Structures are given as C-alpha cells and as structure tokens.
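In what follows, chains are A, B, ... by sequence order, proteins preceding strands, each numbered from 1. Bear in mind that the values here come from a model prediction, so they are computed numbers and not experimental data.
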2 protein chains.
Amino acid sequence: MPKNCNFIEKLREVGLRPTKQRIKMCEVLYNREKTFHFTINDLVKIISEKMNEKISLATVYNTVHAFEKKGYLKEISIDSHKSYFDTNTSAHHHFFDEDTHELIDCDESDIDKINIRKKITGKKINSVEVLVRVASDNQTQK
Amino acid sequence: MPKNCNFIEKLREVGLRPTKQRIKMCEVLYNREKTFHFTINDLVKIISEKMNEKISLATVYNTVHAFEKKGYLKEISIDSHKSYFDTNTSAHHHFFDEDTHELIDCDESDIDKINIRKKITGKKINSVEVLVRVASDNQTQK
DNA sequence: TCAATAGTTTAGAATTATTATAATGTAGAT
DNA sequence: ATCTACATTATAATAATTCTAAACTATTGA
Ligand SMILES: [Mn+2]
Ligand SMILES: [Mn+2]
Ligand SMILES: [Zn+2]
Ligand SMILES: [Zn+2]
C-alpha cells in the first residue's frame with residue numbers, strides 16, 4: 001500500500017467501508033518507510049497513546065483480521081505465545097531477535113533461493129519461508 | 001530418546017523424578033519409530049482415550065514444559081492459534097500441510113544448506129529453519 | 001436531502017488456552 | 001518406617017481472543 005495517500009480509495013477498492021477507525025489504522029500501519037511488524041497490543045498502544053485516539057480492542061481485532069483477509073496484512077507465527085502481524089504481505093524471510101522479540105525482514109538477496117528436493121504427493125508448495133533466530137553474542141555472558 | 005527402553009534411567013539422568021505420569025508420557029512420546037508432532041490436546045486425548053489412563057491436564061502442561069526445559073521436546077511455532085511440540089529436538093525443517101494441519105519433518109538431504117549473507121551486529125545465529133507450507137493440488141478445486 | 005439499509009463499532013460477556021494455588025500424594029534418602 | 005522435597009491434582013485465576021446485541025454510520029437511491 002503506498003504511503004501518504006488516499007486510504008479511503010484503497011479501502012473501497014477491496015470492499016471495506018472507509019470508517020474513521022479503519023482510516024486511522026491505515027495511517028498507523030502504512031504511513032511509514034519500512035515494513036512494520038506488530039502485535040495487536042502494540043497497535044492498540046500506538047493508537048491510544050501516540051495518536052491519542054480512543055478505539056475499542058474488539059475493533060482492532062476485527063479490523064486487523066479484515067485487513068488480513070483482504071491481503072493488507074499477513075500473520076506471522078514465530079512465538080506461539082504471541083501473534084505477530086506484518087505489513088509486508090509477500091512471502092519473505094525473517095530474523096527474529098530472541099532478546100528483544102523483534103522481527104526483521106530479510107531481503108531477497110540475503111538468502112539464496114531455497115531448493116526443495118522432497119515432494120509431497122498431491123500437494124503443491126504454497127510458500128517457503130526461513131526463520132533465522134538470533135540473540136546477543138556476548139562472550140562474557142554465562 | 002531410544003525406544004523401548006528404560007525411561008526411568010533417562011528421567012533420572014536429567015534430574016526429573018520418574019513418576020508414573022512422566023513414564024507414561026515418555027512411552028507415548030518416545031516408543032515410536034518416527035518423530036512425533038503434537039499439541040497438548042493431542043497428547044491428552046492419546047493418554048486418556050488410547051491408553052485409558054487418567055491424567056490431569058495441568059500435569060500434561062507441567063510435564064511437557066519440564067521435558068522441553070530438559071531438551072526432550074521442542075516447541076514449534078507454525079500456527080499462532082495452536083502450540084505444537086516435536087520429539088525431534090534438533091534444528092530441522094518442516095512441511096506444514098495446511099489442509100490437515102499436520103507437520104512433517106524434512107530430512108537434511110531434502111533442502112540444501114542455507115547461506116545467510118546478512119549479519120546483524122552483535123547478534124549470533126541460533127538457528128535457521130525453513131517452513132514449507134503445502135496444500136492439496138486439485139486443479140478441479142475453486 | 002434524507003430516510004432506509006447494510007455494514008461497523010462498541011462495551012461487556014463468553015470462550016478458550018494456559019498458568020497459579022494449595023491441598024494431597026509419592027519418590028528417594030536415611 | 002519416616003522424612004522431605006518435589007509432583008500431581010482439582011480448582012481458581014489469568015490472558016488472549018471471539019461473541020453478542022445494541023448503538024452508530026456510510027452508502028444508496030427516492
Ligand atoms: Mn488470525
Ligand atoms: Mn511454551
Ligand atoms: Zn516481515
Ligand atoms: Zn519436527
């Protein structure tokens with residue numbers, strides 16, 4: 001989704017009513033330079049604290065899932081105890097910082113194309129994604 | 001963990017008391033030919049239905065986490081709505097069947113070694129795992 | 001313009017997964 | 001056999017998510 005633009009049109013295009021709440025969420029999610037990785041709680045905090053806008057938690061859940069269904073967001077499974085979402089909806093690889101619990105996108109060029117030799121009969125491959133878990137490299141530690 | 005063997009010794013070795021419940025769980029988890037992927041609910045069902053053994057849900061949670069901490073089990077994040085565990089505790093790749101929600105191990109030989117060109121300063125790589133999502137390949141479908 | 005309508009937001013209740021509590025039970029040591 | 005630390009259990013508590021039903025709003029078209 002392009003930045004600094006008419007989210008009303010974008011929402012209409014996919015058949016979502018451009019309500020105040022949805023437009024606000026678009027601003028938070030897509031008015032930025034880089035891919036944004038977040039949890040529902042992150043998003044609620046940003047809207048209520050940084051943007052000083054009252055929004056119901058249920059609406060954030062509803063809207064995030066509406067966006068997901070329409071292809072505006074992608075859910076990422078990294079940590080079974082937390083649900084992450086990603087404004088980059090293409091299949092791509094991630095670094096996951098186990099210290100900060102932060103997700104970082106991996107460029108195409110950072111990892112060679114992955115060749116899968118095994119076939120599962122009757123099944124087609126939908127996506128191939130790599131997760132690289134990293135953590136601080138203090139030799140002094142432990 | 002070897003199969004058909006003395007789980008009592010194994011448990012003692014890592015400092016877990018070999019209780020009735022833990023031995024039962026070892027039998028379910030490790031008396032099998034292949035890697036076992038399961039959810040807490042799968043495990044409770046197997047113990048109570050197939051093995052006809054009463055066990056408290058809290059004990060299954062406690063014991064799974066005790067095993068995880070001792071390196072007998074590994075948690076796998078695939079689907080943020082469900083927690084999967086794996087009796088194969090080494091870093092390895094998976095196929096995930098989106099139709100059946102089944103996890104399948106990938107052999108070393110099935111995927112070439114993955115070369116990560118990007119470095120994150122001050123961070124070391126803990127693991128590199130690939131998830132291949134597959135689904136039924138019916139041309140007739142949709 | 002302005003109701004009619006369908007879709008949306010909301011507060012709060014309900015549900016589900018997981019963890020905590022505290023009483024009871026048991027393994028391992030003496 | 002007794003003791004003690006640890007484990008199991010039923011149940012309560014918590015946390016994340018979804019449901020419900022009433023109030024609200026964007027859109028349509030008279
Ligand atoms: Mn979801
Ligand atoms: Mn866990
Ligand atoms: Zn991403
Ligand atoms: Zn596995």
Which residues share a salt bridge (Lys or Arg N to Asp or Glu O under 4.0 Å) with Lys123(A), sequence neighbours left out: Asp97(B), Asp99(B)

Do side-chain atoms of Lys74(B) reach the backbone of Thr87(B) as a donor and acceptor pair under 3.5 angstrom? no

Measuring from the side chain of Lys54(B) (C-beta onward, heavy atoms only), which nucleotide among dT10(C), dA10(D), dT18(C) has the closest atom? dA10(D)

Check: Arg17(B) main-chain N/O paired with Arg22(B) side-chain donor or acceptor under 3.5 Å: yes

Give me the distances for all protein-to-nucleotides 26-30 of chain C N/O pairs that come in under 3.5 Å?
{"from": "dG28(C)", "atom 1": "OP1", "to": "Arg12(B)", "atom 2": "NE", "distance (Å)": "2.9"}
{"from": "dG28(C)", "atom 1": "OP1", "to": "Arg12(B)", "atom 2": "NH2", "distance (Å)": "2.8"}
{"from": "dG28(C)", "atom 1": "OP2", "to": "Arg12(B)", "atom 2": "NH2", "distance (Å)": "3.0"}

Is there any protein nitrogen or oxygen under 3.5 Å from a nitrogen or oxygen in nucleotides 21-23 of chain C, and what are the pairs?
none

Residues two or more places apart in sequence or in another chain: which of them pass ring-ring contact (aromatic ring centres under 6.0 Å, His included) with Phe36(B)? Phe38(B)

Least distance between heavy atoms, Phe67(A) atom then Met25(A) atom: CE2-CB, 4.3 Å

Tell me whether the side-chain N/O atoms of Gln21(A) come closer than 4.0 Å to OP1 or OP2 in dT25(D). no

Should Lys24(A) be listed as having a side-chain N or O under 4.0 Å from OP1 or OP2 of dT8(C)? no

Note: contacts of residues 35-52 of chain A with DNA chain C (heavy atom, under 4.0 Å) are none

Would you please confirm or rule out a distance under 4.0 Å between OP1 or OP2 of dT18(D) and any side-chain N or O of Tyr61(A)? no

Measuring from the side chain of Arg22(B) (C-beta onward, heavy atoms only), which nucleotide among dA7(D), dT8(C), dT17(D) has the closest atom? dA7(D)

Please, which pairs that meet side chain to side chain donor-acceptor pair (under 3.5 Å) have at least one residue in residues 103-120 of chain A, sequence neighbours excluded? Thr35(A)-Asp105(A), His37(A)-Asp105(A), Asn88(A)-Asp105(A), His92(A)-Asp105(A), His94(A)-Asp105(A), Asp112(A)-Arg117(B), Arg117(A)-Asp112(B)

